[in-house]
Amino acid sequence: MVREAKKEDLEEILELYIYLHEESVPEQSDCLDNVWKQILDDENHHLIVNEVSGKIVSSCVCVIIPNLTRNIRPYAFLENVVTHADFRGRGLASECLEYARQIAKQCNCYKMMLLTGSRKKEILDFYKNAGYNSTDKTAFIQWLNI
């Protein structure tokens, strides 16, 4: 079942992020609580989860970004697309991306964008099969070491 995250989902989402690129689950802190509250309270921030038998096994984030170009239409940025290793290949992340697509359409977005750090053919093919292309734009990243 695909849905937006609820307050009580935090621990499961953080555990799922181990399969993304995290090395550990962050410790409980006021900072963590504040960020989680910000995410839940932001109407433009959609943390999408997919459950199997009541367990969150796939997720993505879709942020709607207001915009002054393209006839003042917003765009959507997707991040943190992840599926638990034991549940890959079942279309669960695709369902999350489709849910995000529906949100973007409802918000009148003119485009959706995502970045991946993966060079694996199967990951790149996954995004291509989901309707994304890597030919229209060139992405640049500047990492900030704080």
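Only a predicted model underlies this, so the values are computations on that prediction, with no experimental measurement involved.
Between Y19 and R88, the closest side-chain pair of non-hydrogen atoms falls below 4.5 Å. Using a 4.5 Å heavy-atom cutoff, the side chains of V49 and L47 are in contact. Looking at heavy atoms from C-beta onward, Y127 lies in side-chain contact with V81 at the 4.5 angstrom threshold. Within the 4.5 Å cutoff, no side-chain heavy atoms of V63 are placed close to those of E79. Using a 4.5 Å heavy-atom threshold, the side chains of H21 and N80 count as touching. Counting heavy atoms from C-beta on, the side chains of T116 and F126 never come closer than 4.5 Å. Looking at heavy atoms from C-beta onward, Y99 lies out of side-chain contact with N50 at the 4.5 angstrom threshold. The shortest distance between side-chain heavy atoms of V2 and E98 does not fall below 4.5 Å.
Around the CD atom of E122, the shell of radius 6.0 Å holds more than 12 heavy atoms that belong to other residues, nucleotides or ligands. The local environment of CD in E43 is sparse, with at most 12 non-hydrogen atoms from other residues, nucleotides or ligands closer than 6.0 Å. For D30, the CG atom sits in a loose shell: 12 or fewer heavy atoms of surrounding residues, nucleotides or ligands are nearer than 6.0 Å.
Ionic pairing of D86 and K55 is not present here: no N-O contact between side-chain nitrogen and carboxylate oxygen is shorter than 4.0 angstrom.
Put simply, the side chain of N44 never gets that close to the backbone of I65: no donor and acceptor are under 3.5 Å apart.
Cluster membership check: M113 does not share its hydrophobic cluster with F140, using side-chain heavy-atom separations under 4.5 Å among Ile, Leu, Val, Met, Phe, Trp and Tyr. Note on L16: it clusters hydrophobically with L32, by side-chain heavy-atom contacts below 4.5 Å among ILVMFWY residues. Note: the hydrophobic cluster containing V61 also contains L40 (ILVMFWY, side chain heavy atoms under 4.5 Å, direct or indirect links). Cluster annotation: L97 and I123 are assigned to the same hydrophobic cluster (Ile/Leu/Val/Met/Phe/Trp/Tyr, side-chain heavy-atom contacts under 4.5 Å, transitive).
Between A104 and A76, the shortest heavy-atom contact is CB-CB, 3.9 Å. Of all the heavy atoms in S118 and L124, the pair that sits closest is O-CD2, 3.6 Å. Of all non-hydrogen atoms in L78 and M112, the two that sit nearest each other are CD1-CE, 3.4 Å. Minimum interatomic distance between M1 and R3 (heavy atoms only, all atoms of both residues): CE-CD, 3.5 Å. Minimum interatomic distance between P74 and N108 (heavy atoms only, all atoms of both residues): CD-O, 3.7 Å. The two residues V25 and I18 come nearest to each other via the heavy atoms N-CD1, 3.9 Å.
For Y17, the ring pair (Phe, Tyr, Trp, His ring centres under 6.0 Å) test picks out no residue, with sequence neighbours left out. Here F77 pairs with nothing under the ring pair (Phe, Tyr, Trp, His ring centres under 6.0 Å) rule; sequence neighbours left out.
Here the straight-line distance linking atom CG of L92 with atom NE2 of H84 works out to 11.5 Å at 0.5 Å rounding. With rounding to the nearest 0.5 angstrom, the CD1 atom of I13 is 11.0 Å from the CD1 atom of I48. Interatomic distance, S134 OG to L115 CG, rounded to the nearest 0.5 Å: 11.5 Å. The NZ atom of K111 sits 11.5 Å away from the CZ atom of R73 when rounded to the nearest 0.5 Å. Between the OG1 atom in T135 and the NZ atom in K128 there is a gap of 9.0 Å [rounded to 0.5 Å]. The CD atom of E11 lies 11.5 Å from the CH2 atom of W36; values are rounded to the nearest 0.5 Å.
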Check against side chain to side chain contact (heavy atoms under 4.5 Å, CB included), Q28 and D33: CA-CA 8 Å; Q28 183 61 40; D33 290 342; 2.4 Å; yes

Verdict with supporting geometry, I103 and E4, side chain to side chain contact (heavy atoms under 4.5 Å, CB included): CA-CA 11 Å; I103 290 170; E4 291 205 43; 3.7 Å; yes

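Remark: of the listed residues D42, V35, D41, V35 is the sole one forming a side-chain contact (heavy atoms from CB on, under 4.5 Å) with I39.
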